[in-house]
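This report refers to the structure that appears directly beneath it.
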Amino acid sequence: MLSELKTRLRSESAEEYLHRLFERIEKSPLNAFTTLARESALKEARSFDQNPGSGRLAGVPIAIKECISTRGIETNCSSRILRGYIPPYDAHVIERLKAEGAIIMGKTNMDEFAMGTSTETSCFGPTKNPWDHARVPGGSSGGSAACVAGGEAPAALGSDTGGSVRCPASFCGIVGLKPTYGLVSRYGLVAYANSLEQIGPLTHTVEDTALLMEVISGHDGRDSTSAEGEHHDYLSGLKDGVAGMKIGIPREYFGEGVDQDVEKAVWNAVHTLEGLGATWQAVSLPHTRYALAAYYVVAMSEASSNLARFDGLRYGSRQGEDKDWHTTFSEIRAKGFGREVKRRILLGTYALSAGYYGRYYLKALKVRTLIKQDFQRAFQDVDILASPTMPIPAFKIGERINDPLSLYMADVFTVPINLAGVPAISLPCGFAGRLPIGLQLMGPHFGEAALLRAAQAFEAATPFHDAKPEVV
Ligand code: GLN
């Protein structure tokens with residue numbers, strides 16, 4: 001897709017193409033974008049038309065999740081507290097995209113500070129699922145997934161702390177990858193839970209994800225958790241197929257709570273891969289049932305600390321009259337943060353407080369180690385694992401937002417990956433009625449090449465990625 005677009009842009013005008021996208025977005029009912037970088041993007045497209053350059057993404061517009069810093073373009077994490085904040089610098093991934101000639105077209109809607117599974121906690125209101133406007137696009141990178149699926153951007157970046165790239169990819173019927181922890185620099189990503197999160201691509205095809213991964217991965221000294229190693233090659237072996245590949249099916253990821261259509265589609269996918277020369281066997285990830293609890297304790301604890309900087313002094317809008325420090329600080333945060341963010345700051349602060357630290361946070365860290373070991377053991381026997389990405393297809397807007405636990409439960413198959421730090425990809429594998437279903441493939445640390453190869457083989461053998469929602 002992106003390579004065809006690149007070729008097309010050389011004969012057509014990139015400016016006209018971008019102009020058409022902006023027109024579509026302005027009329028769109030999806031609410032996928034928060035800010036459009038109209039002027040700067042059209043200017044870059046004009047200069048591309050005059051002098052195309054040789055970048056790997058030359059002339060290609062890319063949409064960026066709200067929480068990734070973009071120099072000169074508002075970055076507010078879909079939170080009232082950051083409205084009007086314009087970063088003076090680009091995130092590492094943005095520098096990489098620009099160095100390859102990509103055009104940053106705008107910022108996409110998300111759950112406030114990436115806390116959510118539905119994009120309903122945004123201060124800009126919910127984004128709609130392009131397949132059914134009454135439904136959520138998934139979250140927290142819902143805007144990034146919806147704009148790609150809805151034909152408003154050829155590709156996007158999201159971030160994944162506990163599933164936020166894979167969940168919306170699954171609900172919107174596109175490809176999304178959460179990279180190995182440390183593979184993509186988090187420099188310039190506004191932190192929610194920094195020990196869990198990675199930036200990842202959302203695209204129409206596996207090949208596009210592989211290309212974007214080649215561009216955004218690699219060492220960056222400004223992120224202390226960035227892994228060594230510069231050039232990663234995901235494209236050259238992409239079409240080598242799955243002959244001889246061993247796929248593990250984790251027992252704990254099937255059965256109770258999984259929608260019948262989802263389960264059927266995922267098994268069909270496993271059999272398709274089998275038909276292409278892979279073999280499968282059942283495996284066990286025995287600590288899976290503790291993953292959600294451990295994830296939410298770790299994520300909320302880190303969030304409570306990371307969000308302390310939004311105090312109206314360092315970051316955050318400070319309006320009105322100043323009173324004593326405590327009052328001013330409390331007022332700014334009371335007005336600036338939404339309900340879900342407040343809930344998580346409270347719970348995270350509680351879990352880290354002196355009397356409860358050992359009982360909650362430390363315990364969650366121990367569970368995290370056990371979950372990581374589950375994956376390490378499984379990957380001694382198999383090359384990759386396969387499961388549903390989400391246990392259910394996209395749910396209705398408003399259906400779960402007042403019941404946070406039911407929202408948290410939807411993350412059951414995505415959060416273990418972030419606790420373990422391993423990579424996983426979601427790709428379309430079928431439909432429940434008109435709603436897309438996502439297949440999750442999981443790999444060992446730095447096993448992206450094998451994941452992408454399996455995903456590519458599946459995509460080439462199936463029609464699901466070609467299906468498109470009716471664009472209004
Ligand atoms: N739904 C999860 C949460 O709310 C994951 C979010 C994410 O990956 N950013 O924490």
Side-chain angles (χ1 to χ4, degrees), residues 1-2 32 62-65 67-68 93 108-111 114 116-119 127 129-131 136-150 152-181 183-184 189 196-213 215-217 234 266 269 384 386-390 393-394 410-411 413-415 417-418 422-430 435-443 448 451-452 454-456 458-459 464-465 467 469:
M1 269 293 271
L2 288 184
I62 311 264
I64 306 292
K65 188 178 182 182
C67 56
I68 301 174
V93 292
T108 58
N109 203 14
M110 60 187 270
D111 280 296
T117 307
S118 61
T119 315
T127 293
N129 189 313
W131 294 88
V136 303
S140 62
S141 316
S144 288
C147 72
V148 173
E152 298 176 4
L157 290 186
S159 69
D160 190 312
T161 311
S164 280
V165 165
R166 290 161 287 154
C167 159
S170 166
F171 282 5
C172 292
I174 59 170
V175 180
L177 178 94
K178 180 269 178 201
T180 302
Y181 188 76
L183 182 59
V184 176
L189 169 67
L196 298 161
E197 57 211 6
Q198 280 286 289
I199 293 169
L202 289 134
T203 64
H204 284 289
T205 67
V206 174
E207 189 175 316
D208 290 352
T209 283
L211 170 61
L212 284 181
M213 279 306 296
V215 172
I216 64 171
S217 62
Y234 301 119
V266 171
I384 61 169
S387 78
T389 306
M390 301 300 288
D411 301 338
F413 302 143
T414 52
V415 298
I417 292 298
N418 303 71
V422 294
I425 191 167
S426 179
L427 67 155
C429 73
L435 301 175
I437 296 171
L439 166 71
Q440 177 170 244
L441 301 176
M442 303 160 265
E448 275 81 358
L451 281 188
L452 289 162
Q456 170 68 36
F458 180 76
E459 183 183 275
F464 308 113
H465 63 287

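As the structure is a prediction and not an experimental result, all values here were calculated from the model.
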- request: Report yes if some heavy atom in the side chain of M1 is under 4.5 Å from a heavy atom in the side chain of P154; otherwise report no.
  value: no

query: Are any of the side-chain heavy atoms of V148 and T203 separated by less than 4.5 Å?
result: no

- prompt: Do you know the tightest heavy-atom contact between L212 and P201?
  reply: CD1-CB, 3.7 Å

query: Any idea which heavy atoms bring G173 and W131 closest together, and the distance?
result: N-NE1, 4.3 Å

task: To the nearest 0.5 Å, tell me how far I199 CD1 sits from I68 CD1.
output: 4.5 Å

- prompt: Roughly how far apart are Y234 OH and Q456 CD, rounded to 0.5 Å?
  reply: 15.5 Å

query: Under the 3.5 angstrom rule, does the side chain of S170 hit a backbone N or O of L439 as a donor-acceptor pair?
result: no

Heavy-atom pair of closest approach, residues G162 and T414: O-OG1, 2.7 Å

statement: Residues P179 and G200: closest non-hydrogen pair is CD-CA, 4.1 Å

message: Any side-chain to backbone donor/acceptor pair from E152 onto A32? Under 3.5 Å, distance only.
response: no

message: Looking at V184, is its backbone amide N or carbonyl O close enough to the side chain of Q198 to form a donor-acceptor pair, meaning the two atoms are under 3.5 Å apart?
response: yes

- prompt: Which heavy-atom pair separates L441 from A454 by the least distance, and what is that distance?
  reply: CD1-CB, 4.0 Å

- prompt: In a check of side chain to side chain donor-acceptor pair (under 3.5 Å) between R166 and each of N418, D411, T389, which one passes?
  reply: N418

- prompt: Cut-off 3.5 Å, side chains only: do K65 and S141 have a donor facing an acceptor?
  reply: yes

- prompt: Are any of the side-chain heavy atoms of P137 and C172 separated by less than 4.5 Å?
  reply: yes

- request: Compare all side-chain heavy atoms of F464 with those of P436 and state whether any distance is below 4.5 angstrom.
  value: no

- prompt: Roughly how far, to the nearest 0.5 Å, is SG of C147 from CD1 of I62?
  reply: 10.0 Å

F171 side, atom CZ; T119 side, atom OG1 - distance, nearest 0.5 Å: 10.0 Å

field: Nearest non-hydrogen partners of G116 and D111, listed with the distance
entry: C-OD2, 3.2 Å

- request: Measure the shortest side-chain to side-chain distance between L189 and C67 over non-hydrogen atoms and say whether it is less than 4.5 angstrom.
  value: yes

- request: Please examine the side chains of V175 and P428, heavy atoms only from C-beta on, and report whether any two atoms are closer than 4.5 Å.
  value: yes

message: Checking the side chain of K178 only, and the main-chain atoms of E197 only, is there a donor and an acceptor separated by less than 3.5 Å?
response: no

field: Point-to-point distance, once rounded to the nearest 0.5 Å, from CG of N109 to OG1 of T127
entry: 3.5 Å

- prompt: Heavy atoms, side chains only, cut-off 4.5 Å: are E448 and P423 in contact?
  reply: yes

message: Nearest 0.5 Å, please: how far is CG in D208 from CG in L202?
response: 11.5 Å

